[in-house]
Each structure stands twice: as structure tokens, then as C-alpha cells.
**Q** 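My questions will all concern the structure given below.
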Amino acid sequence: MRRTSTVDLIADAIRGAIVDGDLPPGVALGEAELAFQLGVSRGPLREAMQRLCAEGLLVIPRRRGLAVRIMTADDARDIHWLRARIETELGHRFLARPVAERKEMLRYLSAEVKRMQRALKADDARELGDAYLDFHRVLAEAGGSARLERMMGTLLIETRLCTFSMYAHFEVHRDLADEHMAMLGALEDGDAELFCRLLEAHLREEVRRLVAEPTEAEDLEAGRLLAETPDVPQPLGRLDLSEGV
């Protein structure tokens, strides 16, 4: 098992802040300020930020320093195209696993769908969106490929960055819970073809909503849940570094 390093912990903290919206798209990241907030030295911070650049989450703008990536319409299309290919393969691999293993993972997937339903009833946009990401993280784990799981982890963060980049506020659609209930049902029935069809339709619609003008019904917010997000960077919490990490 690979030992968690200080660089890993810093990278995880920055990724988490990007997913939560505490570091909005386009915001410049000051090395000295981040090092002070996290309570780390600049060496491991710089290495962690280089890792996030390689993952595509941070970019080097024209001015010096680093910034959180701003996703474009082309980025959204690429991300969801890749997700469609990877997640349909994950669905096939999941259904090829022994029945006992599938039952265990289905319980986790079902828990995330129920979490979506509770969030929908509470009009909690952030909880609904977080449960959506976690459903797809569980699916990535259930496929049994560490490489595909790693790739999906980055793609899901990029999916969230698309939302922050293209909407004024954090925004999710109310039909997420029903769509994922249908996908879960297909997996429970062992119907790979139906699962893939539902997943691809969901991802196509997600791209349409991100890159196109909303329809009249969506303008009325009947199908959307919104949550305020900060437009300036929020301070990061100090890392609790164990001795020897």
C-alpha cells in the first residue's frame, strides 16, 4: 500500500476545495498564501500544484502563477465523451463480477440514489450534486480497474468544474434522482444494454444543459435546483500533518 505523503494531502485538500467551489474557476492561487493557510512549506505545495496541473485542474495563465482551470464548451463535450466510453465499460465490467460482489456494490449505489432523493425533497442542491458524484465514484470502484477508477476521479472533478464555469451559481437538475434510479434498476436486472443506453442519454443531456441556452421550462426553474457559491477564493483549513508524513 502506498504511503500517504504530505504532497498527497496537499493535493487532496486543493482538489476538495475545487470540488466544493471554495477555489472558483479562474481564481489565481498565491503560493505563499496557500502555504500559510495549509501550514506547509512551499516545496511540497509546489509539487502538489504541479501534480494538479498535470491532471488539468490547474493552469498557468499569461500572468505568473497558477489558476483554477475555467472549463469551456469544448471541454464539457470532451469530458462527457470520455465519461460515456469509460462508464459504459465500467458497467460491463461490474456486471461480469460475481453475484455476491455485485450485491454489495449495489447497496452502495442504492444508498447514493436514496441520498439524491432525500436531497431533492429537501431542495438541497449541493447534497444532490455531491450524491451524484459519489454514485459515479462508486460505479468507478465497482468496475474493478484501478486505472479507470483513477481516470474517473479526475473526470468527475472536471464535471463539477464545468458546472462552476458555465453557471452563475451551483446548479443541478431535479431529474437526476429519477435518471439514476433507472440506471440502478438496469444494473440490478443485469441489463448492460439498458444501463449503457440510459447512461449515454444522461450524459448527452448534461452536455446540452451545460453548453446550450436553457429551454423556457428551465428558465422558470421548474427543473433546477440552485445554490449560492463564492466568487472569490475561500481560505483553506490548516492540514493536520502527522509526524513522519
Side-chain angles (χ1 to χ4, degrees), residues 1-72 74-83 85-87 90 126 129-130 132-134 136-141 143-166 170 229-245:
M1 183 178 294
R2 186 173 67 88
R3 186 182 180 196
T4 301
S5 69
T6 300
V7 174
D8 295 326
L9 295 173
I10 295 170
D12 287 345
I14 297 174
R15 282 193 205 95
I18 291 172
V19 170
D20 290 342
D22 291 336
L23 296 176
V27 68
L29 302 180
E31 189 178 288
E33 185 176 2
L34 278 181
F36 174 77
Q37 290 175 6
L38 295 170
V40 299
S41 61
R42 292 199 190 187
L45 174 64
R46 193 174 296 121
E47 186 177 341
M49 294 173 81
Q50 288 171 349
R51 183 182 298 179
L52 297 176
C53 282
E55 293 175 11
L57 302 179
L58 301 182
V59 294
I60 303 174
R62 291 180 181 177
R63 61 188 181 277
R64 294 179 62 187
L66 293 172
V68 178
R69 187 183 188 93
I70 299 174
M71 293 297 176
T72 66
D74 285 341
D75 289 326
R77 294 185 185 98
D78 283 347
I79 291 161
H80 289 77
W81 183 89
L82 281 168
R83 283 187 57 189
R85 271 80 192 153
I86 293 173
E87 292 191 75
L90 289 169
R126 291 305 297 265
D130 288 348
Y132 162 77
L133 291 183
D134 287 341
H136 290 273
R137 288 192 184 104
V138 172
L139 177 63
E141 181 183 351
S145 167
R147 180 174 290 105
L148 294 182
E149 182 179 355
R150 194 163 57 243
M151 293 169 67
M152 276 299 301
T154 298
L155 287 170
L156 290 172
I157 298 174
E158 290 183 316
T159 298
R160 176 60 64 83
L161 261 181
C162 285
T163 300
F164 288 142
S165 296
M166 297 178 189
F170 180 80
T229 54
D231 52 11
V232 296
Q234 303 300 298
L236 305 187
R238 190 177 184 85
L239 293 178
D240 182 15
L241 298 176
S242 302
E243 187 175 349
V245 172

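Throughout, numbering of the chain's residues begins at 1 and tracks the sequence. Quick caveat: nothing in here was measured; it's all calculated off a predicted structure.
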**Q** With a 3.5 Å cut-off and sequence neighbours excluded, list the donor-acceptor pairs that the side chains of residues 145-159 form with protein atoms.
**A**
unit_1	atom_1	unit_2	atom_2	d
Ser145	OG	Leu148	N	3.1
Thr159	OG1	Arg83	NH1	3.2
Thr159	OG1	Leu155	O	2.8

**Q** Looking at every non-hydrogen atom in both residues, tell me the closest pair between Leu23 and Val27 and how far apart they are.
**A**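 For Leu23 and Val27, the tightest heavy-atom pair comes out as C-CG1, 3.9 Å.
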**Q** Please report the shortest heavy-atom distance between Pro230 and Gly21, naming the atom on each side.
**A**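 Minimum heavy-atom separation between Pro230 and Gly21: CG-O, 3.3 Å.
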**Q** Thinking salt bridges, do Arg160 and Asp130 make one under a 4.0 Å N-O criterion?
**A**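 Yes.
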**Q** In Å, rounded to the nearest 0.5 Å, how long is the span from CG of Leu9 to CG of Asp240?
**A**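 These two atoms lie 9.5 Å from each other.
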**Q** Rounded to the nearest 0.5 Å, what separation is found between the CG atom of Asp8 and the CD atom of Glu47?
**A**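 Asp8 atom CG to Glu47 atom CD measures 9.0 Å (nearest 0.5 Å).
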**Q** Roughly how far, to the nearest 0.5 Å, is the CG atom of Leu45 from the CD atom of Gln50?
**A** 10.0 Å
**Q** With sequence neighbours excluded, what pairs up with Arg77 under the salt bridge (Lys or Arg N to Asp or Glu O under 4.0 Å) test?
**A**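 Result, salt bridge (Lys or Arg N to Asp or Glu O under 4.0 Å) vs Arg77: Asp74.
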**Q** Strictly distance-based, threshold 3.5 Å: is any side-chain N or O of Gln37 a donor or acceptor partner for the main-chain N or O of Pro235?
**A**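 Answer holds: no.
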**Q** Is there a salt bridge (Lys or Arg N to Asp or Glu O under 4.0 Å) between Asp12 and Arg51? Walk through the geometry before answering.
**A** CA-CA 11 Å; Asp12 287 345; Arg51 183 182 298 179; over 6 Å; no
**Q** Let's go through Ile79 and Leu161 carefully: what are the C-alpha distance in whole Å and the side-chain angles of both, what is the deciding distance for side-chain contact (heavy atoms from CB on, under 4.5 Å) to 0.1 Å, and is it a yes or a no?
**A** CA-CA 11 Å; Ile79 291 161; Leu161 261 181; over 6 Å; no
**Q** To check you understand the geometry: which heavy-atom pair defines the closest contact between Gly26 and Ile70, and what is its length?
**A** N-CG1, 3.4 Å
**Q** Is there a side-chain contact between Leu66 and Leu52 in this structure, where contact means two heavy atoms from C-beta onward sitting under 4.5 Å apart?
**A** no
**Q** Taking the side chain as every heavy atom from C-beta outward, state whether Ile10 and Leu34 have any pair of such atoms under 4.5 Å apart.
**A** no
**Q** Just by distance, do the side chain of Arg126 and the backbone of Asp20 share a donor-acceptor pair under 3.5 Å?
**A**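 Yes; judged by distance alone, with no hydrogens or angles, the pair exists.
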**Q** Looking only at heavy atoms, which two atoms of Gly39 and Arg238 are closest? And how far apart?
**A** CA-NH1, 3.5 Å
**Q** Tell me the closest heavy-atom pair linking Thr72 and Met166, and the distance in Å.
**A** O-CE, 2.8 Å
**Q** Roughly how far, to the nearest 0.5 Å, is the CG atom of Leu58 from the CZ atom of Arg15?
**A**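 Reported value, rounded in 0.5 Å steps: 9.5 Å.
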**Q** Any non-hydrogen side-chain atom of Val68 less than 4.5 Å from a side-chain atom of Pro24?
**A**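 The answer is no; the side chains never approach within 4.5 Å.
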**Q** Is atom CD of Glu33 surrounded by more than 12 heavy atoms (other residues, nucleotides or ligands) closer than 6.0 Å?
**A**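 No, because the 6.0 Å sphere around CD of Glu33 holds 12 heavy atoms or fewer from other groups.
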**Q** Kindly compute the distance separating CG (Leu38) from CG (Leu239), expressed to the nearest 0.5 Å.
**A**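 So the gap between those two atoms works out to 5.0 Å.
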**Q** Identify the heavy atoms of Thr229 and Phe170 that sit nearest to each other, and give their distance.
**A** CG2-CB, 3.4 Å
